[in-house]
Amino acid sequence: MRCLGEHFCKLLIMLSIVEEKYIQFEPKAGGGNLLRMFSTSTLYNKPYLIEAIKKPGATWAAQLVEFTIPKPNMLSIHSILQKIFIKGLSFENHPQWFFFLMFRMTRSCGYFIPYFYGKGFNSHYVKGKKCLLKIKPVSTNHYASKLQLCHSRSSVSFSLARTVHAHMISSGFKARGHILNRLIDIYCKSSKLILARKLFDEIPHQDVVARTTLVATYCASGDLKTAREIACKCILDGFTYTGVISACANAGLFQIGKQVHAYLLRTEANPTLDYSLSVNNALITFYSKCGKIDEARDIFNQMQVRDLVSWNAILSAYVSGGRIEEAQSHFRNMRDRNLLTWNVMISGLAQNGFGEEGLKLFNKMKLEGLEPCDYAFAGAITSCSVLGSLDNGRQLHAQLVRFGFEASLSAGNALITMYARCGVVEAADCLFNTMPSVDSVSWNAMIAALGQHGRGAQAVELYERMLKEGILPDRITFLTILSACSHAGLVEDGRRYFDSMHKLYGIAPGEDHYARVIDLLCRAGRFSEALDVIESMPFKPGAPIWEALLAGCRIHGNMDLGIQAAERLFEMIPQHDGTYVLLSNMYAALGKWDDAAKIRKLMRDRGIKKEPGCSWIEVENKVHVFFVDDTMHPEVQAVYNYLQEMVLKMRKLGYVPDTKFVLHDLESHQKEYALTTHSEKLAVVFGLMKLPRGATIRVFKNLRICGDCHNAFKFMSKVAGREIVVRDGKRFHHFRNGECSCSDYW
DNA sequence: TTAGGGTTAG
C-alpha cells in the first residue's frame, strides 16, 4: 500500500489547490490484494468491475486505477464513470474514489482537470463535508508544477490557474519571476487580458518574458497602442518579434504584420538582433496564413539558414494554398522529416481532395517505421471521409483505439465527420455522445452531419443544446446550422439564426453566410425576400450569391430570375461549367430544346467541358467507380441486365421514368434508355448485386443526384427491401421502403 | 517562465 499512500498524499496537495477547501480524507486499507490481483488486467469492463463497485472506499479506487493500467486513457476512465452513474452511485460519500481517479487521470493524460471542471463534479462530492485538513503554503516548485498542469496541448485551464493563484495569495506565498510570468501567460491564453494586466502591473521588476506575452496578446486583440507602450519600455528580443508576428498571423492582421516585417528589414544590420531564423519561420507562417503563399516562398528561398521548422512551415504554406504539386515536390526534397512533416502532408492531401494519396502516405509512414500520432490518424481518417471509404475508416478507428488515442479530440472530430460522410450518421451521433470531451469543432461537426443527412430538426435541437451548455457559436457553426435549415426547409429558424449572428454574437455575416440564407429562401421559393437580402448586403454580391439564386430558380423553374443570375455568373466565372449546365437543364426541363442547345453550344465555343458524372461504391474494401454510360467496369453488362429487370419490377409498383431529366432532345424510348445509364443507378445496382442480403447500399456521387434517379431509388429500396444511401456533392439521401429522408425537399 | 512548424468542423 506504500505506493497508494504516496498517490493519496500527492492527491491531497493537488486537491487542496483545486478546491480551495479543507477536505476530509480517510484512506482505507485493503486495496493491496485486489491491486495485485488485477495488476495485469486491462479489462475494465468485465463483470469484476460491477462487483468491485459494490465495495467501498480505497479498495474500489485501487481496482479502478489498476484496471486502466498499462494504458490509462480518457475513454477507459470515462466509461467507468458512466457505469458508476448508471448504477446510481455517486462520489458523495466516498470522495477518495474521486480523488484517486482525478489524480490518475491528470497524471496519465494531462488534461482531466478542465474536463472535470466543466461537468460540475467539484460541487458534487465535496459539499457538506467536514473540513479536517488545513493546507499549508507550498514551495515554488510545487506551484510551478501545478501551473504546468494548467497547460495541455489543446487547452488552458483558467479555473485551475486562478485557484493556484488564489492559494498563493491566501497562504501568504510571495510569487516571483517565472511563476508570475506563467500565470500571466495562462491568463492571456484564457483571454483574461484585464487580469493578466493587473498582475503585470503589480510586478516590481517586469522582465522581457512578461512583456513579450502581453505585447503579443495586445497585438492579437488589435490594441496596438498598448502593445507599443509595453514594448517600448525594454529592449526587445527575438521572442517578442516572433510572438508579435505570430499574433498577427492568428488574428489576420496583415498590414501590421507587414509593418513589423518592414521594420525588421530596416534594422537587419543591427548585430544585437541575432534571431533571424525563428523570426523568418514566423514570417513564413504569417504570410501563409494571410494567403500570400508566394511571399512565404520568397522568405524561405532567401533564408541563409533554415531548420526543420522552416521546411515544415513552407510545406504547410503550400498545402494551405492548395498547391499540392509544389507541396509534394517539396516533401520529396526534404532530407529530414519529422512526425509533423508527415502530418502536414497527409492531412494536406486529404483536405485538397486527394483521399487515396493521403491514405497511401499514412501507410507509407508506418512502413518507414514511424509511429503515427493522433494528428496523423486525423489526416488519414479525413482521407476516408473524402473517399467515402467506411471500411478503411472503421479499420482506422480500431487502430486508433489500439494506439491509445481514442480520447484525442482531433481524431475524434475527424471520426464524427468520417462516419457522417460515409453515410452512417448514427455512428457519428453515438461517437459524439460518448466522447469523453468535446469542443466547438465537435459540435460543429455533429450539427453539420445532421444537416447533411436532412435531419434539420435534430440539427436545430443540437444547436440549441450547444447554446444551453454555454458554448458560443462561431462563424462555422452558423454556416452549418444555416445549411441544415436550408436542406430541411426550416426557413423561419434559419432566418432567426442568421439575424442572431450579429445581434447576439457579434459575428458579421460573410458572403458565405449570405449565400446560405439566399439558398434557404430560394429553395422555399421566397425569391423577393432573397432579393431584399441581397440588397441589404454590405458588399457587392459575388459568385456564391448568384449561384445560390440560380440553384433556387432551377428548383422552382423561375426562368427570368435564373437567366439574370446566370448572366452575372457568366461574367464573373465564365469558365465554371456548373452555370451552363444548370441553365441548360432549366431550358430542357421546360422543353425549350433550342435554348438548351444554345447554352450547350456556348459552352463548347468557350472550350468548357462539363465535369463527367461519376459514382462509386465500396465492396469488400475495394472502390468500384462507374461513369455515365459506363463501358469500362468489367461487370457493367451484368449491371445493365440487372437494372433492366429491376426497372420492370419497379414499373409494376408505379415507377415511371421521368424523361425531363434527359438533357438532349431524343426520341422517348431513347430518353428512357439514357436514364438507365446514369452512374448512380449503375453503382446502386452493383451494390444490390454484390453486397450481402440486407446490407445498406452506400453510393457516392461527385455531382448532384439526378431527379429520376432520386425517384427510382425510392422504388428500388422497396423492391429490394434494402436501405440505399446516396451522398451527392451536397448532401445525403436515405431511401427506405419507398421514401427518401429528404421528403423530396432538395 | 515567453516565441517560430501540425490537427479536427464548412
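Note on naming: letters A, B, ... go to the chains in the order of the sequence lines (proteins, then strands), and numbering restarts at 1 for each one.
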Would you indicate what [X] reaches in the nucleic acid, counting non-hydrogen atoms under 4.0 angstrom: base, sugar-phosphate, or nothing?
| X | value |
| --- | --- |
| A/Arg475 | base |
| A/Thr382 | sugar-phosphate |
| A/Leu308 | base |

Enumerate, atom names and distances included, each donor-acceptor pair closer than 3.5 Å involving a side-chain atom of residues 392-399 of chain A, sequence neighbours excluded.
{"from": "A/Asn392", "atom 1": "ND2", "to": "A/Ser389", "atom 2": "OG", "distance (Å)": "3.0"}
{"from": "A/His397", "atom 1": "ND1", "to": "A/Tyr419", "atom 2": "OH", "distance (Å)": "2.8"}
{"from": "A/Gln399", "atom 1": "OE1", "to": "A/Lys366", "atom 2": "NZ", "distance (Å)": "2.7"}

Counting side-chain heavy atoms from C-beta on, which of [options] comes nearest to [X]?
| X | options | result |
| --- | --- | --- |
| A/Val309 | B/dG5, B/dG6, B/dA3 | B/dG5 |
| A/Asn338 | B/dA9, B/dA3, B/dG5 | B/dG5 |
| A/Phe239 | B/dG10, B/dT8, B/dT2 | B/dT2 |
| A/Ala313 | B/dG10, B/dG5, B/dA9 | B/dG5 |
| A/Ala445 | B/dG10, B/dA9, B/dT1 | B/dA9 |
| A/Ala414 | B/dA9, B/dT2, B/dT8 | B/dT8 |
| A/Val441 | B/dG10, B/dT8, B/dG5 | B/dT8 |
| A/Arg516 | B/dT8, B/dA3, B/dG10 | B/dG10 |
| A/Asp185 | B/dA9, B/dT7, B/dT2 | B/dT2 |
| A/Asn343 | B/dT7, B/dT2, B/dG6 | B/dG6 |

Whole Å only: how far is the [atom1] atom of [X] from the [atom2] atom of [N]?
| X | N | atom1 | atom2 | answer |
| --- | --- | --- | --- | --- |
| A/Leu339 | B/dG6 | CG | C1' | 9 Å |
| A/Ile284 | B/dA3 | CD1 | C1' | 15 Å |
| A/Leu361 | B/dT7 | CG | P | 14 Å |
| A/Asp512 | B/dG10 | CG | C1' | 8 Å |

[N] phosphate, OP1 or OP2, under 4.0 Å from [X] side-chain N/O:
| X | N | result |
| --- | --- | --- |
| A/Ser246 | B/dG4 | yes |
| A/Ser316 | B/dG5 | no |
| A/Gln351 | B/dT8 | yes |

| query | Quick one, which residues of residues 421-429 of chain A touch DNA chain B with a heavy atom under 4.0 Å? | reply |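 Per residue number, the list is empty: none.
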| query | Which residues, if any, of residues 189-209 of chain A bring a heavy atom under 4.0 Å of DNA chain B? | reply |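 Within this stretch, A/Lys189, A/Val209 sit under 4.0 Å of the strand.
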| With sequence neighbours left out, what residues match A/Asn702 under side chain to side chain contact (heavy atoms under 4.5 Å, CB included)? |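 With neighbours one apart ignored, the set is A/Glu611, A/Cys614, A/Trp616.
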| query | Can you name the side chain to side chain contact (heavy atoms under 4.5 Å, CB included) partners of A/Gln458, sequence neighbours left out? | reply |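 A/Gln458 satisfies side chain to side chain contact (heavy atoms under 4.5 Å, CB included) with A/Leu450, A/Arg455 once adjacent residues are dropped.
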Would you be so kind as to tabulate the donor-acceptor pairs closer than 3.5 Å made by side chains of residues 188-195 of chain A, with sequence neighbours excluded?
{"from": "A/Lys189", "atom 1": "NZ", "to": "A/Asp185", "atom 2": "OD1", "distance (Å)": "2.7"}
{"from": "A/Lys189", "atom 1": "NZ", "to": "A/Asp185", "atom 2": "OD2", "distance (Å)": "3.0"}
{"from": "A/Ser190", "atom 1": "OG", "to": "A/Ile186", "atom 2": "O", "distance (Å)": "2.7"}

| message | So that I can tick it off, tell me whether A/Asp728 and A/Arg704 are bridged by a salt bridge, with the cut-off set at under 4.0 angstrom between side-chain N and carboxylate O. | response |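 Salt bridge flag = yes for A/Asp728 with A/Arg704.
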| said: Please determine whether a side-chain nitrogen of the Lys or Arg among A/Arg297 and A/Asp294 lies less than 4.0 Å from a carboxylate oxygen of the Asp or Glu. | reply: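 Yes, A/Arg297 and A/Asp294 are salt-bridged.
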| Any residue meeting ring pair (Phe, Tyr, Trp, His ring centres under 6.0 Å) with A/His178, in chain and number order, not counting sequence neighbours |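 Testing A/His178 for ring pair (Phe, Tyr, Trp, His ring centres under 6.0 Å), a comparison that skips the adjacent residues, returns none.
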| With sequence neighbours excluded, residues passing ring pair (Phe, Tyr, Trp, His ring centres under 6.0 Å) with A/Tyr287 |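 Testing A/Tyr287 for ring pair (Phe, Tyr, Trp, His ring centres under 6.0 Å), a comparison that skips the adjacent residues, returns A/His261.
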| message | Let's test your reading of the model: under 3.5 Å, does the base of B/dG4 pair with the side chain of A/Asp307 as donor and acceptor? | response |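 Under the 3.5 Å cut-off, the side chain and the base do form a donor-acceptor pair.
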| query | Counting only distance, no hydrogens or angles, is the base of B/dT2 paired donor-acceptor with the side chain of A/Thr213 under 3.5 Å? | reply |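 By the distance-only test, no, there is no pair.
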| task | Keeping the roles fixed (side chain from A/Asn333, backbone from A/Ser329), state whether a donor-acceptor pair exists under 3.5 Å. | result |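 Yes, A/Asn333 side chain to A/Ser329 backbone: donor-acceptor pair under 3.5 Å.
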| Do A/Tyr463 and A/Trp443 make the cut of ring centroids closer than 6.0 angstrom? |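 Not close enough - the centres of the two rings lie 6.0 Å or further apart.
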| message | Under the rule for side-chain hydrogen bond (donor to acceptor under 3.5 Å, both in side chains), what residues qualify as partners of A/Thr240, not counting sequence neighbours? | response |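 In terms of side-chain hydrogen bond (donor to acceptor under 3.5 Å, both in side chains), with neighbours along the sequence ignored, A/Thr240 is linked to A/Thr212, A/Asp237.
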